[in-house]
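Scroll down for the structure; my scribbles are underneath it.
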Amino acid sequence: MTHVKRSLSSLSPDQKSVYSLDVQSLQTKGEVSIVRHALPLSDTKSKVGGSGMVSGRGGSAYTYAGEETAIAIRDPSKAKQLPKVMTAALPKRIVHALLIDEPLGLICGVAASSQEPNTNTLRRTKTPKNRVTLTIYSAVSVWTVRVTVADASLCIEDVSEPFEEYLVACPTDTRIVRVRAPVGELIPPGSLAMLVNTTNTTGDHRLVLHHGDGTLTHPLQFHDNNDDDSDPVVDFALLESEFAVLMLHTSGSVYAASPVLFDGTALPTSVVRHRVAALDHECDSTSSESKQTESYRDAKWRQQRAARQWMTDVFGDAENNGPYATASLFRTRSSASWPVQRQGPLLSNTSTHTTNNPTALSIEPLRTCTLPTTLLVIGSTNGLLQFVALPPIEARFGFESDADTATLDLEPSFASAVLETVRFDQRHERGGSKSGGSLPFHALLPDPISSNLVHCADEGGVFSVSHSLVSSLERALNNDNGDGDGIADRADTRAWSCLTVGSSADATGMVLSEDARLGHVLVARLSNGDMEAVNVTAAQYLNEASLLGTKETSTPLLLKEHASPSSKTASQALAAMESIPPFYEVSIPLIQKAGVGLSSVGKLVGGSTQPCNIQAGMVATLIDTKSKLERNVVLPLRELFHQITQRTKLLEQMYASQALQLAKLKGQMDVLRQRQKESIELKKMLEGQSALLCQRSAGVLETSRDLLPTITQAEYDYFQQLKRWETTCESREDMVTRIQADASNLTRKLSQSAALQLLSENINEEL
């Protein structure tokens, strides 16, 4: 299975700070820290024009000048700010585990509260302003770290493993694909979703939910028929609005499952009533549908009735609730415990089989509040992005019969469409990761401010894509003219580079601020610890300006390489030759002008007139004729003579230069012939020694095999698992030691209380 490293930076819930995982000293010093950067990044250093580490569109290392001064002027009591950067070291047991399995992602969320929400007012217990919960996960473990800011320092209050109970009971080859946190204020804090697989043994995939109260459920479990693990699940996404989850395979295939919901999720009562009424209407319309077959009507009716029953059991009787209805998944005899059926593929893997065989890495849903469909973006290798439209995902459960599953999977509404494909080719060729890890980094971030922007990050930097697919799809759905234009023809899609990282570091994290006071700013973290901010609006404006300046329809941003001196010389020679016009273009106008001048004079007669008989008219005619001949005949002929002379000199120079070049070429040919002879002789000598070299190489290889120990992949995995068990045992030993100390103190206190009780009884007996 191929793991993908996600962003190791995450924005705090109040949008005022960025939390990052610092793993620079993991391999050297065995240290991992949590770093908190307060926004704005007033201490960001510009890299442009210096070492060339980072370059960006719209200004790399964008700073928020004057923000702190403005705050101090508005409210002098806030002039004293907390430190801009604070760090806290992770416990050793987490560091030891990350030494074996490198971190895959970091998620920042609101610290969970112990009080239940009020369904009438939807008011939850307020958590401390500077307290957050960070979720760190690797391929085998998930940790929840509760962090708070106190006394101008970052403190770790508590560390727990929310999925420990489940992962301990799983087979040893179970690996975590990804961990996600739901987005929305109506979902209880502390809710997490984890997708795991056990490809090496059973090939099962399972979605595990950690609810806000600490309960674990696994509503979805499916088995892939790929025995060679050629197309594993690489990512998944939560669709909170549709109670669904999307799963992405490396080939680009997309599957879905619904309903998937966290316990305690609150919805407006009107929304619940509308969904129940819509399901009732669909059941009635399906029963009376005459265009479909009877088997389809029966399967559809059963599916809709099951979905309606699930809504009623989970949210209760919406008529008796207040403004909000809260989901309860643990009621007695509830359909909330029904297993969920995987649907699809909604998108076939043949749509991504293009040049260079890109591998799908990430999937993210886009905001489409006004569309009856689901828009999502799929990120792949080679800078490839695909914008896909999916139909509404319906609730289906695992007790479906095989016939119903086959019928519903072939439903016409399952048709999906690839609306747009973008390949950003301006990516730097990098010689491997500089962050010390071996896993690829890939992250997609739909812009929270502008729904028409998507940002994609990898080790080499961040590039952005602007699109108009939402409005284009709306026009296509409302179009009654039947003009036949595709969505991609209507859409205006462009891509540009926001941040490009040099070869001495890698990008490891990316966040985008939603705070209007900070501006539309993207913040990226590098593997060397630097934080770089880019003004997204300025970058987009620069890209638009470059498009208007060049009058091109495609993205003009190209990373051009420097030309070699020989190519520059050849270009200069070609430009010089093209600057000299052909001789016929120069001579023909002059010859034509002289001919016209001669034809206009006509025939000159006379000569018998005596000088004393010459009149004024004759003199004027002679002078006019002379001036015409000089102007129209003599001057063009002189210019022609001058051009012939200059061109003759140029041809003589070219002849001499070409003769010199031919002489050089003859000399080079002689050198090449000599080298060819030497190469032939060297080849014969090497062929004669090849047998001896082969024998020596075989002997060296045999000796190296005997000296160097080799292990199989299974043995390597076994040793890695031993290290994980050793790390777990060390952490358990510390816990056992503390429990033993507490038990000893309790035993001593109990013995003392028993002795005192016995003494009091003796005193009472004596009295």
Side-chain angles (χ1 to χ4, degrees), residues 1-7 104-105 177-178 180 195 197 224 226 229-237 245-256 344-366 374-390 416-430 432-433 437-447 453-467 469 487-488 491 493-501 506-508 510 554-555 559:
M1 174 186 175
T2 301
H3 287 93
V4 181
K5 190 158 48 177
R6 308 300 175 180
S7 177
L104 297 180
V177 177
R178 186 169 185 176
R180 281 185 180 266
L195 184 65
N197 73 341
D224 273 341
N226 300 322
D229 192 24
S230 59
D231 190 18
V233 177
V234 70
D235 195 9
F236 78 100
V245 60
L246 299 175
M247 290 155 288
L248 175 68
H249 291 248
T250 56
S251 64
S253 299
V254 178
Y255 291 79
L346 304 183
L347 180 67
S348 177
N349 56 7
T350 57
S351 60
T352 58
H353 284 175
T354 57
T355 308
N356 299 329
N357 296 324
T359 301
L361 299 176
S362 302
I363 183 173
E364 288 290 343
L366 303 178
T374 301
L375 278 183
L376 56 94
V377 57
I378 298 175
S380 306
T381 56
N382 302 332
L384 182 69
L385 292 183
Q386 281 189 314
F387 294 88
V388 181
L390 298 180
S416 59
V418 178
L419 303 181
E420 185 72 286
T421 300
V422 178
R423 183 184 296 276
F424 193 77
D425 295 328
Q426 293 81 21
R427 313 304 294 152
H428 284 301
E429 295 295 335
R430 305 176 64 83
S433 175
S438 58
L439 301 179
F441 166 62
H442 195 276
L444 289 177
L445 182 60
D447 199 292
L453 281 178
V454 177
H455 309 280
C456 181
D458 58 12
E459 294 91 343
V462 182
F463 71 92
S464 302
V465 177
S466 66
H467 63 88
L469 295 174
I487 304 298
T493 305
R494 296 173 182 175
W496 66 90
S497 175
C498 270
L499 189 70
T500 302
V501 183
D506 288 336
T508 60
M510 172 182 61
S554 60
T555 301
L559 301 180

Hey, what do you get for [atom1] ([X]) to [atom2] ([Y]), rounding to the nearest 0.5 Å?
X	Y	atom1	atom2	answer
I363	I378	CD1	CD1	5.0 Å
Q386	T421	CD	OG1	4.5 Å
S464	R494	OG	CZ	14.0 Å
T508	D458	OG1	CG	12.5 Å
H467	L419	NE2	CG	10.0 Å

Side chain to side chain, [X] and [Y], heavy atoms closer than 4.5 Å:
X	Y	value
C456	F424	no
L444	V377	yes
L347	L248	no
L376	L246	yes
T250	P232	yes
S253	M247	no
V465	T493	yes
L195	R178	no

Is a donor on one side and an acceptor on the other found under 3.5 Å between the side chain of [X] and the backbone of [Y]?
X	Y	value
S7	M510	yes
S466	L453	no
E459	F441	yes
R180	F236	yes

What's the shortest heavy-atom distance between [X] and [Y], and which atoms?
X	Y	value
V4	L104	O-CD2, 4.2 Å
G379	L385	CA-CD2, 3.6 Å
G461	V501	CA-CG2, 4.0 Å
A360	S380	CA-OG, 3.5 Å

**Message:** Counting the benzene-type ring for Trp, do Y255 and H249 have ring centres under 6.0 Å apart?
**Reply:**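 Between Y255 and H249, the centre distance is under 6.0 Å.
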**Prompt:** Out of V454, D447, V388, which one pairs with L366 under the side chain to side chain contact (heavy atoms under 4.5 Å, CB included) rule?
**Reply:**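 That would be V454; it is the only one of V454, D447, V388 passing the side chain to side chain contact (heavy atoms under 4.5 Å, CB included) with L366.
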**Request:** Would you sort out whether F463 and T500 count as a side chain to side chain contact (heavy atoms under 4.5 Å, CB included), showing the intermediate values?
**Result:** CA-CA 8 Å; F463 71 92; T500 302; over 6 Å; no
**Prompt:** Are a donor atom and an acceptor atom from the side chains of S362 and R6 found within less than 3.5 Å of each other?
**Reply:**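 Side chains of S362 and R6: pair found under 3.5 Å.
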